[in-house]
**Q** 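First the structure, which I've put down as structure tokens, then a few questions once you've had a look.
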Amino acid sequence: MSIRRTPRGTTALDRLRERYSEADRTCSKCGFTDDDGEWSAKTTGSSVFYRRVCPSCGAIETRTLSLK
Ligand SMILES: [Zn+2]
């Protein structure tokens with residue numbers, strides 16, 4: 001007998017944000033890697049928009065992810 005438990009208090013958005021903060025911290029404009037960089041995420045219901053500002057050159061990186 002095995003019962004699978006899903007952790008509560010963690011939304012899909014939290015998990016996505018975590019995943020994005022793990023990777024893709026290198027600026028595509030200047031190549032600066034922001035080790036402490038964090039993506040800010042906001043959702044519209046069907047998509048998640050990520051936004052990050054490069055601390056070196058100020059370029060704004062954006063990513064869009066569709067939720068299914
Ligand atoms: Zn940059």
Side-chain angles (χ1 to χ4, degrees):
M1 189 192 340
S2 73
I3 300 170
R4 267 179 179 262
R5 286 174 186 273
T6 49
R8 291 182 185 272
T10 309
T11 65
L13 189 58
D14 285 336
R15 286 198 298 273
L16 289 168
R17 186 189 289 133
E18 229 168 73
R19 202 170 71 190
Y20 258 83
S21 65
E22 289 290 318
D24 217 1
R25 290 185 186 130
T26 302
C27 177
S28 62
K29 293 278 196 301
C30 71
F32 179 81
T33 300
D34 183 12
D35 287 329
D36 297 321
E38 266 191 13
W39 290 85
S40 57
K42 87 177 174 182
T43 180
T44 60
S46 58
S47 315
V48 184
F49 297 99
Y50 293 94
R51 191 173 171 278
R52 197 177 64 83
V53 180
C54 174
S56 177
C57 73
I60 297 170
E61 300 271 333
T62 56
R63 299 285 186 279
T64 308
L65 216 106
S66 295
L67 298 175
K68 294 250 167 107

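Keep in mind it's a predicted model, so treat the numbers as computed, not measured. Every number for a ligand or one of its atoms is a count from 1 in the order of the listing.
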**Q** Taking C-beta and beyond as the side chain, do L65 and Y50 meet within less than 4.5 Å on heavy atoms?
**A** yes
**Q** Whether the S66 and S47 side chains hold a donor-acceptor pair (N or O, under 3.5 Å, no angle test) is what I'd like checked.
**A** no
**Q** Is any side-chain heavy atom of D34 less than 4.5 Å from a side-chain heavy atom of R52?
**A** yes
**Q** With side chains defined as the heavy atoms from C-beta onward, is the minimum distance between C27 and E61 less than 4.5 Å?
**A** yes
**Q** Return the set of residues passing side-chain hydrogen bond (donor to acceptor under 3.5 Å, both in side chains) with S56 (not counting sequence neighbours), or none when no residue passes.
**A** none
**Q** I need the R51 CZ to T64 OG1 distance, nearest 0.5 Å.
**A** 12.5 Å
**Q** Mind counting the protein N, O or S atoms sitting less than 2.8 Å from the Zn ion (ligand 1)?
**A** 4
